[in-house]
Every structure is written in structure tokens, then in C-alpha cells.
Amino acid sequence: MSASPRLQLSPAWVKALPLIGIALLAVAPLLLPEFTVTLLNYIGLYAIVAMGLVLLTGVGGLTSFGQAAFVGLGAYTTATLTTTYGVSPWLTLLVGLALTALVALALGFITLRLSGHYLPLGTIAWGISLYYLFGNVEFLGGHTGISGIPTLGVFGFELHSGREFFYLIWLAVLGVVVLTRNLLDSRSGRAIRALKGGSLMAEAMGVNTPRAKIVIFTVAALYACLSGWLYAHLQRFVNPTPFSLTQGIEYLFMAVIGGVAHVWGALLGAGLITILKQWLQDWLPQLLGQSGNFEIIFFGLMMIFILHRSRDGLWPILLRFVPQAPAAQRVTTVGQPLARRPVVERGQELLSVREATKRFGGLVANNQMSLDVRAGEVVALIGPNGAGKSTLFNGISGVDPLTSGEITFRGERVERLPSREIARRGMSRTFQHVRLLSGMSVLDNVAIGAHLRGDRGYLPAALHLERDEEARLLTEAAYQIERCGLAEHLNDAAGSLPLGKQRIVEIARALAADPCLLLLDEPAAGLRYFEKQALAELLRRLRDEGIGVLLVEHDMDFVMGLADRVVVMEFGEKLAEGLPEDVQRNPAVLEAYLGGVE
Amino acid sequence: MSSPSFASTRLAVLSLALVSLSAFADINVGVSVSATGPAASLGIPEKNTIALLPKTIGGQKVNYIVLDDATDTTSAVKNMRKLVAEDKVDVVIGSTTAPNSLAMTDIAAESETPLISLAGSAIIVEPVDAKRHWVFKTAQNDAHMATAIVEHMLNNKVQTVAFIGFADAYGEGWFKEFAKIAEARKIRIVASERFQRNDTSVTGQALKIIAAKPDAVLIGAAGTPAVLPQKTLKEKGFKGFVYQTHGVANSEFLRIGGKDVEGALLPVGPLVVAAQLPDSAPSKKVALDFITRYETAYGKGTVSAFGGHAWDAGLLLGAAIPQALKKAQPGTREFRSALRDALEGVKNLPAAHGVFNLNAQDHQGFDQRARVMARIEGGTWKLVK
Amino acid sequence: MDLQIALLLGQDGITNGAIYALLSLALVLVFTVTRVIFIPQGEFVAFGALTLASLQTGVLPGTLWLLIGLGAVAGLIDTVFALRDRQLQRIPRILGINLALPLALAGLLANIPLSSLGLPIQVLLTLAVVVPLGPLIYRLVFQPIAEASVLVLLIVAVSVHVTLTGLGLFFFGAEGSRTPSFTDASFEIGDAMIQGQTLLVVAASLTLIVALYLFFERTLWGKALRATAMNRTGARLMGISATMAGKLSFSVAALIGAFSGILISPITTIYYDSGFLIGLKGFVGAIVGGLGSYPLAAAGAVMVGLLESYSSFWASAFKEVIVFTLIIPVLVWRSLTTRHTEEEE
């Protein structure tokens with residue numbers, strides 16, 4: 001970070017910043033000129049919407065251009081109900097939120113199935129549809145709009161002026177900030193953050209990713225609705241134009257420019273764009289001597305520039321002036337140990353794979369593979385590259401289901417279950433290509449593994465009513481990290497570790513699920529000699545505890561010293577199976593391996 | 001037909017200008033028009049006209065603070081708040097469209113600042129209630145114009161009519177007004193269609209209209225997009241009357257429309273056909289004066305009806321400000337209140353689009369002298385006698 | 001609705017659909033080659049139409065200044081890179097293409113009687129102004145982030161769209177333009193008149209589609225683009241540079257866009273912001289084709305044209321609602337049928 005140290009704030013200041021911020025907000029309307037207060041009001045309104053986008057796009061990786069439509073939903077609900085039916089504005093907020101939740105659930109149910117780039121295109125589509133719908137519905141005032149929306153009253157006190165409204169708006173902003181931050185710093189928050197890093201891993205750890213997606217989609221919509229409700233009562237007039245796709249695009253611009261992965265980025269972006277827009281509208285026409293949408297040209301270019309130079313927006317740049325947050329996630333309160341799964345008796349069958357076949361189009365990756373794993377044994381799956389070992393792993397763990405065949409896990413057929421259901425039954429795995437969330441701490445990454453051992457949902461998380469469970473989860477995660485010998489890396493970003501250690505983090509994560517069967521995909525790759533020995537020692541201990549281990553590995557010394565049985569695959573089929581020493585002497589195996597080397 | 005009271009107003013203005021002492025502060029006039037966005041073709045001439053408004057009224061220097069609201073209500077409100085709070089304006093002119101004007105109304109009332117809208121919808125000033133107390137408007141009500149069309153239809157034995165208009169506030173406002181008046185006069189509306197400003201085709205709507213076999217079609221659209229429906233109707237063989245609204249009265253419409261819009265009938269303010277009006281018409285002189293000034297500044301053939309609304313707003317101020325100056329200092333609440341009263345009291349003021357006669361119930365103030373029927377002939381507007 | 005109306009609506013739908021089809025092909029091309037969802041495609045339609053209109057009134061179009069400006073920036077950047085890499089021999093070519101050519105074009109346009117030239121020459125000049133904007137935008141905006149995710153590229157594309165719309169207003173003003181018909185011929189079929197221009201649109205679209213097909217099948221460049229679309233890394237190994245392919249695909253997209261604009265500007269009035277919705281409708285077509293299949297994309301686009309035409313007959317106020325709501329089931333169908341593997345980013 002190139003910022004000069006002179007500019008850095010001391011930690012004490014950093015701690016005091018939020019308080020200073022709140023104090024400044026409290027006195028702002030008393031000191032600032034009226035129009036500045038007006039601008040701050042709009043900034044607050046926009047920031048609430050942008051905050052939803054931070055959750056949705058920055059954290060969850062789902063891009064939406066359609067948030068303005070939800071703002072419209074909130075605004076129109078209150079406008080219609082208060083003007084036509086004289087309903088209290090506070091009641092209409094609830095109605096609006098309920099209605100928005102319904103619409104968001106319905107839209108989300110359809111559009112969140114859209115993968116990758118289809119989702120943003122889908123949001124453009126319904127953004128346009130809803131906009132035209134607002135304009136064409138008679139009881140919503142048509143294109144002309146609804147005027148005469150009443151002011152808000154708080155305990156009999158009418159919020160007439162912008163200065164009075166300011167407090168309500170910024171209270172809402174702070175509320176949304178707190179909710180968002182709480183939500184992200186929780187079991188559910190880790191589930192949400194896992195979305196962007198790969199739903200595959202999250203699912204394998206037991207996270208219901210479609211549910212996580214629909215939750216953040218709905219939360220973002222509710223934020224937008226709240227903003228719309230405030231907008232309607234501040235403006236006291238609504239018509240369709242502020243809820244058009246153009247505005248939806250602008251909300252996304254705000255979030256991206258500010259820093260789409262940061263809660264404060266939303267605020268920064270909303271502030272920057274609102275003020276710049278005002279400023280540009282004043283100055284550019286004078287400079288160019290002509291009227292035009294110059295500010296939009298400017299914002300477009302600015303977006304392009306930011307996405308070229310600093311894809312995370314401006315907030316991370318500002319953060320350079322602040323010392324690294326003093327490892328916020330350190331486990332401070334030690335929670336009660338989590339409940340453990342009943343131990344399976346040693347020697348009992350855990351996993352039985354029968355005639356597993358997997359085809360990719362015409363290519364047969366697994367053909368009639370069968371194998372068993374019992375509690376308290378280490379089974380190694382070996383074979384040349386491309387033999388179909390990882391494909392089989394994906395089939396067993398439900399990540400990429402088999403084309404045909406049977407998989408029985410602890411006496412239950414699981415080949416048609418999604419991976420999170422298989423995980424729930426006590427199977428946990430690591431990945432050949434490490435799937436960690438590189439920006440998140442090792443502790444948080446491992447805690448994702450313990451996802452299924454907690455049950456507090458999104459709402460308690462947003463309100464931080466689940467601190468007790470959270471402490472227990474983190475304690476468990478810290479214990480597994482220590483057990484795997486990574487205690488000193490607890491708070492490091494996972495991405496900063498060498499690849500070998502990242503593999504160990506994956507094992508710790510798998511262990512945090514309290515599994516009875518562990519699937520390890522090349523756990524020793526990239527480890528040094530002593531690290532391999534430590535890993536072997538750990539696996540032996542796990543075996544002695546009665547856990548079954550199925551591992552894919554290329555390092556023959558490691559495998560032969562550890563495994564109780566070895567299964568050899570070639571071309572998707574089983575070549576040999578038996579004790580390590582028998583397999584090593586099997587001529588077919590020697591042939592395959594020597595042939596593979598040639 | 002220069003009325004005596006008009007002459008006296010003029011005299012009053014003149015004498016006040018001569019004798020006034022510059023002890024007062026400058027008068028600040030805020031302007032918010034839609035110079036960009038969908039209503040830009042209306043807003044740009046309005047903005048251009050503001051630059052031609054008098055720099056002194058009643059001996060006082062007048063500052064115009066012009067903002068663009070990009071046809072967006074949020075910006076309109078933001079502009080209004082800025083003008084009121086930051087620039088401490090005495091009066092605001094704007095905005096171009098009905099939704100924007102409606103959105104600004106609350107702040108006008110809240111800050112007790114007179115607002116002179118340039119938009120067409122009557123609901124901006126009707127009924128005059130506590131909020132509209134502060135709102136005036138210079139553009140003819142859509143009802144004024146719709147009445148002219150309905151009269152022309154009745155005179156030409158039109159019994160059934162189809163409507164096609166913008167899917168926005170303009171089209172919606174026109175349909176409502178027109179339908180009300182037409183039905184009262186027993187003209188049947190057999191089809192009502194909508195299209196978007198930048199649609200590339202209106203064939204579907206045109207075919208539906210033709211299938212309904214109306215005697216006439218009214219196109220409720222503003223500016224050059226109004227060409228497309230007429231062109232398509234003609235192509236698809238519609239032979240009846242085609243009526244346009246005054247929203248098309250600019251030279252761009254004629255340029256784009258070419259021979260496709262020949263024969264279109266439309267109600268316009270006197271400004272559009274000023275040169276063809278009899279000398280007795282009250283608006284003729286004012287309108288010609290405005291046209292000369294505008295075209296001197298922006299080139300020949302550039303004038304449009306919308307600039308006229310802004311000009312008329314200037315005329316209203318020219319008549320009302322001297323009255324208000326007698327009562328209070330610019331920049332004060334009293335002045336704004338006095339200005340509002342003075343605006344409400346303007347009588348027999350000939351303007352580019354008609355003659356203003358305002359009162360406590362009518363904050364628009366035009367009568368039937370504010371519109372004439374015109375026909376597009378030979379690529380220009382011809383007065384229909 | 002009688003048969004005649006149904007036929008007329010069908011004809012109208014096909015005319016618009018033909019334009020959407022052209023655009024959808026360009027979108028598919030750009031997406032498969034560069035992974036950019038080319039939202040600004042529509043702006044090229046508007047720029048094509050409005051540039052031609054301005055040439056016909058004898059005014060130098062604003063797009064010309066944009067061309068010179070972008071050329072200068074691109075030339076400057078490439079020169080700096082060439083200096084840094086000590087490849088001085090490349091500089092004359094860089095400056096020649098990015099600076100000298102646009103300036104020469106400007107010089108030419110300023111010195112010939114634009115409005116009295118024949119239509120074909122005006123069309124060629126329009127293309128000469130608008131088409132190079134495509135590769136220049138690729139060079140300046142997308143090439144530096146060619147490896148970014150589809151979502152980032154999409155957001156950048158939206159930013160480019162917004163910028164170009166703003167510039168369009170600045171260059172051409174709020175009023176639209178309509179260019180004179182290429183042909184005034186019209187044919188009577190039954191009671192209905194069919195304008196020569198609409199037939200021309202369909203015919204020209206078909207011709208262009210065939211030309212594109214030949215381009216992809218028969219020419220080296222076309223084959224290079226196809227190779228890149230199928231396998232970027234493979235194509236690079238074969239010596240086809242991703243940059244070249246990107247610029248080429250943007251050139252083709254700009255050509256198709258500008259040409260579409262020129263085709264429809266006699267039928268309808270084109271505004272600086274008309275392109276967006278036209279482009280989006282082409283998009284719906286492209287999405288029907290899964291952003292990958294040319295024939296499906298074209299068929300989808302024609303379907304959108306027809307849907308639009310019939311819905312403007314039945315419920316004109318809800319036309320856009322109908323067209324854009326119907327994308328959603330298509331999207332769902334698409335994302336269910338597209339195999340979605342581990343590449344989630």
C-alpha cells in the first residue's frame with residue numbers, strides 16, 4: 001500500500017470514527033445550509049438502495065439493474081394507500097415491505113434460477129416491464145403521477161421540512177448499515193459470502209445456496225422499498241420516471257464506484273455521485289456553453305475508468321489511510337463445544353458405491369465403479385491423471401451426480417440427493433482445486449464447514465441474536481484449525497497462505513462439519529516433507545477416532561504408508577483393489593503406471 | 001383592440017421604470033426546465049427564451065438562474081429546493097412537463113414561492129386549493145385546445161374519432177381532456193391507442209384504428225415523434241381527418257414530417273400563425289415581437305410554441321413585479337406573497353399565446369382567444385379561418 | 001382481426017424482426033468472441049442513422065469528432081506502449097491508422113459538397129465514420145480488461161452505452177432525424193400497400209446475413225473469428241490474437257449496427273436514444289439463441305418483431321411490458337438448458 005504513513009489514522013481514532021460520524025449527523029441539519037441538507041437526504045435515500053446492491057452484487061455476486069423498480073414499489077404502495085384510502089403512512093410501510101417481499105420472492109424464484117449473465121439481463125427485462133406497468137395502471141396515477149402524499153408524523157410531530165426528515169432518513173441508513181454488517185458477520189453471512197466464491201463448495205458444506213440467493217435478493221428489494229417509502233413522503237409526489245431502468249443503472253453505478261463489496265462503499269458511492277452530479281450539472285453546461293446530459297457522459301467514463309483501474313471501487317483506496325482493522329474476528333468468548341454426531345462403530349460400512357457410471361456427452365468418465373469404505377479405515381483411490389478419480393468424488397459427494405449407479409451412505413441411498421443433503425448425513429470433503437474464499441480469514445473459511453452444526457437463520461443474524469451459537473461455531477472452527485496445525489494463521493486471509501497450507505485449511509473446514517466420512521482430494525499435493533508427516537499423523541488419529549477416510553493421492557509413499565486399502569482406477573474403471581503391498585505388486589497396476597509415465 | 005386597462009398597465013410599468021429608485025435588492029427568478037431527457041424538444045426553446053427575457057423589470061435588475069431537470073421529477077424537486085433554499089428566488093418558472101410541475105407544487109407552497117408552470121395539464125392549477133394557491137401556468141390548458149378540436153370536428157360532421165397518443169403524461173392528459181369534451185358533444189371515441197416516443201413502428205396501432213373506421217384521428221403526441229403515427233396511417237390508407245396537438249408546433253416537426261404530415265389539423269396558440277392573424281388580434285403584436293427576437297438570437301425558422309410559454313411567463317412577471325415592488329422588498333416573504341397576489345390580479349395582458357385574465361379561481365387566465373386552428377399546408381402552418 | 005390485418009402486422013413484425021435479427025447476430029458474434037454483452041450495439045444504430053442524416057443536410061456529424069478523439073487517445077496509448085517496448089518501427093503504422101486516417105476523412109468530408117452526393121456515397125461515408133468507432137472502443141475500453149469476468153464486462157458495456165447516449169444527445173440534439181427513402185416504390189397487394197423500403201429492409205438484412213455467413217465460412221478472418229469463439233486459448237496457440245479477433249468482431253458489430261440504422265431511418269424517425277430499446281430487442285433474440293447460436297438468435301429476433309407487432313395491435317399501452325416480460329420465461333428456459341459447470345467465477 002503506497003499511502004504515506006503520515007496520513008494514517010491511529011487505531012483509537014478508527015474506533016472513534018463511527019461515534020464521530022453519528023455525532024456529525026446529529027448536528028448536520030442544524031449547521032448546514034438547507035440545500036446541503038436536501039442533498040444529504042437524497043444521498044441517504046440512494047445509499048439505502050446501494051446497500052442492498054452491496055449485499056446482492058458485491059457480496060453475493062448477483063448483479064441487478066432492476067432495483068429502481070423495487071424503490072417504485074415502496075413509493076407507489078404508500079402513495080396510493082395514503083392518498084386514495086387515507087391509510088397511515090406507517091402502516092403503508094409494512095404493507096409496502098410485505099408486498100415487495102412477495103414480488104421479490106416471486107421474481108427471485110424465477111430470475112435467480114438464471115445463471116451468470118442471464119440474471120442481470122433478466123433484471124433489465126423486469127426493470128423495464130415494471131416501469132411501464134407503473135405508468136399504465138390507472139389507479140397508480142398513470143404517467144402523470146400521484147400528488148398530495150401526506151407528510152410523515154412521528155408521535156404527533158409532523159416532518160415537514162427537509163431538516164426534520166433528515167433524521168428519519170439517516171436513522172434508516174444507520175439501521176440498514178447495522179443490519180447489513182450484522183448479517184454479514186454471522187453463520188448466514190458466511191453462507192452469503194460463499195456464494196460468490198463458488199456455490200459448489202458452499203453446497204458441499206451444507207449451505208442451501210438457492211435459499212441464500214433468494215434471501216439477499218429479498219433483503220436488497222426490501223431496502224429499496226424502504227428507500228422508496230421515504231422518497232414518496234419526502235417528495236410528496238410520485239410518477240414513474242424515478243423508477244426507470246436508467247435510475248436502476250445509476251444505483252449500480254453508485255455501488256460499484258463506491259466499492260461494491262463494502263457496506264460503507266454504498267454510502268461513499270451514493271454521496272459521490274449525488275454531489276458530483278449536482279456539481280457537474282452546475283458547471284459543465286457553463287464550461288461547454290450548451291445543455292446536455294454531460295454528467296452522464298462523465299459518470300460513464302468514470303465507471304469505465306474505475307473498472308479498469310480499481311475494480312473494487314473507491315472505498316478500498318480510502319481504507320489504505322486506515323490501519324488494518326485489528327483482527328476483528330479473533331475468538332474472544334469461548335463458546336460451549338458443539339454437539340457431536342454419534343460415533344459410528346469401527347468396521348461398520350459407511351459408504352458403498354455400486355456400478356457408478358458417469359458420462360459427459362459421449363465421454364465415459366466413470367464406468368461401473370464400485371468401492372466400499374468402513375468406519376475407522378483409510379481407503380486410497382489412485383490412478384493416472386484423467387482416470388476419473390475426481391469425477392467419482394464429485395459423484396459420491398453429490399456435487400455432480402452420477403449418470404447411473406448406486407451410492408449407499410450409512411445405509412441410505414444418496415445418489416439422487418443434492419450435495420448439501422449428503423453433507424448433512426455426515427460426509428465432508430475437500431477439493432482438488434482449492435476452493436477457499438481467499439479474501440476471508442482462515443477462521444471464517446473453516447467456520448463455513450460448521451454451517452450445518454448451527455441452525456440460527458438470517459433474521460437472528462441480522463439482529464445479532466445468535467451470538468451464543470456464533471461463538472460456539474467459531475470456537476469449533478478455531479479448534480479444528482489448531483488441530484491441523486494452523487493456529488498461527490487463524491486470522492490471516494486464506495488467500496495469503498501457500499497452496500499446501502490452503503489444502504490443510506480445506507481439511508480443517510471439512511473436519512468442522514464433524515463428519516464420519518472424509519473425502520480428501522489430493523490433500524498432500526504441494527506439502528513439504530514434514531508437513532506431509534504431520535498430515536499423515538492427523539489422518540491416523542482421525543482413523544483411530546472411527547472416521548472413515550477416502551482419499552485421492554498421487555504421492556505413493558504417502559499413500560502406501562497410510563492406507564488400509566487401495567483402489568486403483570484407470571480409464572474410469574477399477575483396475576485393482578487390495579492391501580497396499582498387494583496392489584504394488586499387481587502387474588496390471590505396474591503396467592498402467594509405467595505406461596502412464598511413458 | 002388595445003384595451004384601455006392594457007394601456008394603463010403599460011403606462012404604469014413605464015412610469016415605474018422611470019421613477020423607481022434602485023434601493024431594492026435584485027429580483028431573482030429561478031427557472032427549471034426539461035432541457036434534456038424525453039421532453040427536451042419542449043424544454044430547449046423554453047430555456048433559449050429565458051435568455052431573451054428582460055434583464056430589468058420595474059427598474060430592478062432581474063437575475064435568472066436556469067437549471068435543467070432532465071425530464072425527471074426527482075431532479076425537478078431537487079432544483080426547486082435548490083432555487084428556494086440556496087438562490088433565495090422570488091419566483092420560479094417551470095417546469096416543462098406536468099409531472100415535474102406537480103412535483104414542484106408542494107415546495108412552492110411550503111416555501112411560499114410563486115411558481116409559473118409551462119406545462120399543459122389543467123390539474124397543475126385546478127382546482128386552486130391551498131397548494132395551488134402559489135401555482136400559475138402560462139400554457140393553454142389541454143382542455144382549451146381540445147375544445148377547439150372538438151368544435152372543428154363538429155363543424156366538419158365528424159362523429160367517430162380514434163385517439164393515439166404517447167404512453168406518458170402528455171398522451172394521458174390529452175386523452176382524458178379530449179374524451180371528456182368529445183363525449184359531452186356526442187362524438188364517439190372508437191379506439192384509444194398508445195405508443196412510445198422512440199418506437200420504430202406503430203403499424204399495429206394504425207391498423208387497429210383503421211379497422212375501427214373512425215371519421216378522424218387525434219394524435220396526442222408532442223414534437224417529432226408525432227410524425228410516425230400520421231405517416232403510418234397515411235401509408236395504410238387512412239383517408240379521414242388527422243388532428244395533431246399543439247405539442248407538435250415546431251419547425252422540427254415540419255422538417256421530419258415533410259409531406260407525410262400535410263393536411264394535419266391542430267389547435268395552436270396565436271404565436272404559431274402570428275403573421276397570418278388579423279391586425280386586430282390582441283396577440284399578434286406581442287407574438288411577432290417575440291418571434292423577431294427569438295429568430296434574431298437563434299436563427300430563422302427556429303421559433304416554437306414552447307418558447308412562447310416561457311416568454312408569456314416573462315410578460316406575466318413584467319406585469320406583476322412592479323405591483324409587488326410597491327409593497328415589499330425582493331428577497332422577502334412579503335415580496336413573494338405580494339408577487340403572488342399581483343400575478344393573480346393580472347388583467348387583460350396580451351401575450352404571445354393569448355390574453356391573460358387571472359383571478360382567484362383561474363390561475364391560467366386564457367380564453368378562446370388563446371387558440372386558433374391551423375392546418376399544415378405546403379410545409380408550413382396555415383391559419384384555418 | 002381479419003386476415004389482411006394479420007398479414008400486415010406480420011409484414012411489420014418481419015421488417016422490425018429483420019433489423020433485430022441483424023443486431024442479434026452481431027451480439028452473438030461479439031459475445032462468443034469477446035464475452036462482452038454488447039449493450040451499446042443500439043447506439044451504433046442511432047449513430048448510423050443520425051450520421052447519415054447529418055451528412056445529407058451538409059453538416060459534419062459529431063461522430064466524426066468522436067472518431068478523431070478516440071483515434072487520438074488510442075494512437076497516443078499505443079505509441080507510448082511501442083516506445084516502452086522499444087518497437088519504434090510500429091509507430092508510423094499506429095499513428096497512420098489512429099490519427100492520419102480519421103483526420104484525412106475529416107478533411108475529405110469538410111471539402112466535398114456532402115448534401116449533393118449520391119445516396120450510395122453518403123452511405124459509404126457514414127460507414128467510414130461510424131464503423132471504426134467499434135474497434136476503437138474495443139481497443140480503449142475492452143482490450144485492457146479482456147480477461148475480466150462476464151459480469152464486469154457487462155457493467156462496463158452498460159457504462160459505454162450510457163456514455164454514448166450522452167454523447168449522442170450532445171452531437172445530434174434531442175430532435176430525431178429521418179432520411180429520405182431509398183426507394184419510393186410501393187406495391188399493392190389486395191387492399192394493402194407495401195412500401196418498397198420495407199421490402200428493401202428485409203432484402204438487405206437477408207443479404208447481409210448471407211454475406212456474414214460467407215464471411216465466416218469462406219474468408220480467413222471469418223474463420224479466425226469462429227476459431228476464437230470456439231476456443232480462445234486454442235486460437236491463440238494457432239496464432240490468432242485475441243486482440244485482433246476482438247477488434248474485428250467489434251468492427252463487424254459496428255458495421256451491422258450502423259447499416260441497420262441506415263436501413264430503418266427512412267421508415268421511422270431515429271433519436272439519439274432510440275438505439276437502446278432496438279438493441280435490447282435484438283438482445284432478446286440473441287438470448288433465445290443462448291448467445292451462441294446464430295440461426296436461433298435470428299429466429300428469436302424475428303419472433304420478437306412479430307410479438308411486438310401483434311401486441312401493439314392488441315394492447316398498445318402494454319407493448320413493452322409484454323415484450324420484456326416474455327423474455328423472462330425464455331431466460332429461465334435458457335438457463336435451465338444451458339449446462340452450467342464449475343466455471344462460476
Side-chain angles (χ1 to χ4, degrees), chain A residues 57 61-63 65 107 110-111 113-122 124-133 135-136 195-200 245-246 249-250 252-253 256 260 288 290-308 311 394 399-400 433 435, chain C residues 31 35 37 39 140-142 144-145 148-156 158-171 173-174 276-277 280 283-284 287 290-291 315 317-332 334-336 338-345:
Chain A
T57 308
L62 307 169
T63 308
F65 291 99
L107 273 178
I110 305 168
T111 40
R113 289 157 182 263
L114 307 180
S115 51
H117 49 272
Y118 288 119
L119 174 67
L121 295 177
I124 289 180
W126 54 250
I128 293 179
S129 296
L130 276 178
Y131 167 73
Y132 284 113
L133 213 56
N136 281 313
L195 289 177
K196 206 179 180 182
S199 311
L200 212 68
L245 183 64
T246 323
I249 292 176
E250 208 167 300
L252 191 71
F253 278 16
V256 170
V260 75
L288 299 166
Q290 183 173 359
S291 66
N293 267 346
F294 298 115
E295 71 277 1
I296 212 72
I297 302 176
F298 183 87
F299 288 141
L301 293 175
M302 184 164 157
M303 279 292 288
I304 296 170
F305 187 78
I306 283 185
L307 289 166
H308 275 193
R311 208 164 287 166
N394 285 345
V399 163
D400 195 359
H433 301 289
R435 286 177 184 269
Chain C
F31 182 74
R35 298 179 305 129
I37 296 181
I39 302 278
L140 290 172
V141 178
F142 293 102
I145 52 166
S149 69
V150 174
L151 286 182
V152 169
L153 291 173
L154 171 63
I155 298 176
V156 172
V158 171
S159 314
V160 173
H161 149 69
V162 164
T163 313
L164 290 182
T165 316
L167 287 171
L169 177 65
F170 178 54
F171 293 152
F276 183 55
L277 278 182
L280 272 189
F283 232 104
V284 182
I287 289 169
L291 286 173
F318 291 93
K319 186 188 80 181
E320 312 290 335
V321 180
I322 293 171
V323 170
F324 285 102
T325 307
L326 278 178
I327 301 187
I328 294 173
V330 174
L331 284 169
V332 172
R334 256 300 147 196
S335 74
L336 287 181
T338 319
R339 224 194 101 68
H340 194 57
T341 45
E342 315 208 348
E343 267 350 282
E344 295 197 14
E345 230 167 315

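Chain letters run A, B, ... following the sequence lines, proteins first and then strands; every chain starts at 1.
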Can you tell me how far the NE2 atom of A/His308 sits from the CZ atom of C/Phe142, to the nearest 0.5 Å?
7.5 Å
Measuring only between side-chain heavy atoms, which start at C-beta, is C/Thr165 closer than 4.5 Å to C/Phe276?
no
Which answer fits C/Leu153, side chain, backbone, both or neither, if we ask what part of it has an atom under 4.5 Å from a heavy atom of chain A?
neither
What part of A/Ile128 lies closer than 4.5 angstrom to a heavy atom of chain C: side chain, backbone, both or neither?
side chain
Using non-hydrogen atoms only, which part of C/Phe171 is less than 4.5 Å away from chain A: side chain, backbone, both, or neither?
neither
Close side-chain approach of C/Ile145 to A/Arg311, heavy-atom, < 4.5 Å
yes
Taking C-beta and beyond as the side chain, do A/Ile296 and A/Phe253 meet within less than 4.5 Å on heavy atoms?
no
Part of C/Val284 within contact of chain A (heavy atom distance under 4.5 Å)
neither
Heavy-atom cut-off 4.5 Å, strictly under: side chain, backbone, both or neither for A/Leu301 against chain C?
both
Of the backbone (N, CA, C, O) and the side chain (C-beta and beyond), which part of C/Ile37 lies under 4.5 Å from a heavy atom of chain A, both, or neither?
side chain
Distance col, row A/Met303:CE vs A/Ile249:CD1, nearest 0.5 angstrom, shows 9.5 Å
Under 4.5 Å between any side-chain heavy atoms of A/Ile304 and C/Val160, yes or no?
yes
Between C/Leu277, C/Ile287, C/Ile322, which has the largest tally of heavy atom pairs under 4.5 Å with chain A?
C/Ile287
Determine whether A/Leu107 and A/Trp126 satisfy the following criterion, side-chain contact (heavy atoms from CB on, under 4.5 Å), listing intermediate values before the conclusion.
CA-CA 9 Å; A/Leu107 273 178; A/Trp126 54 250; 3.5 Å; yes
Select one option (side chain, backbone, both, neither) describing which atoms of A/Leu130 are under 4.5 Å from chain C's heavy atoms.
neither
Answer with side chain, backbone, both or neither: which region of A/Phe65 has an atom nearer than 4.5 Å to a non-hydrogen atom of chain C?
side chain
A/Tyr131, part contacting chain C, at a heavy-atom distance under 4.5 Å:
neither
A/Leu252 portion near chain C, given a 4.5 angstrom heavy-atom threshold:
side chain
Counting only heavy atoms closer than 4.5 Å, note whether C/Leu280 contacts chain A via side chain, backbone, both or neither.
side chain
Evaluate the side-chain proximity of C/Phe283 to C/Ile39: yes if any heavy-atom separation is below 4.5 Å, no if none is.
yes
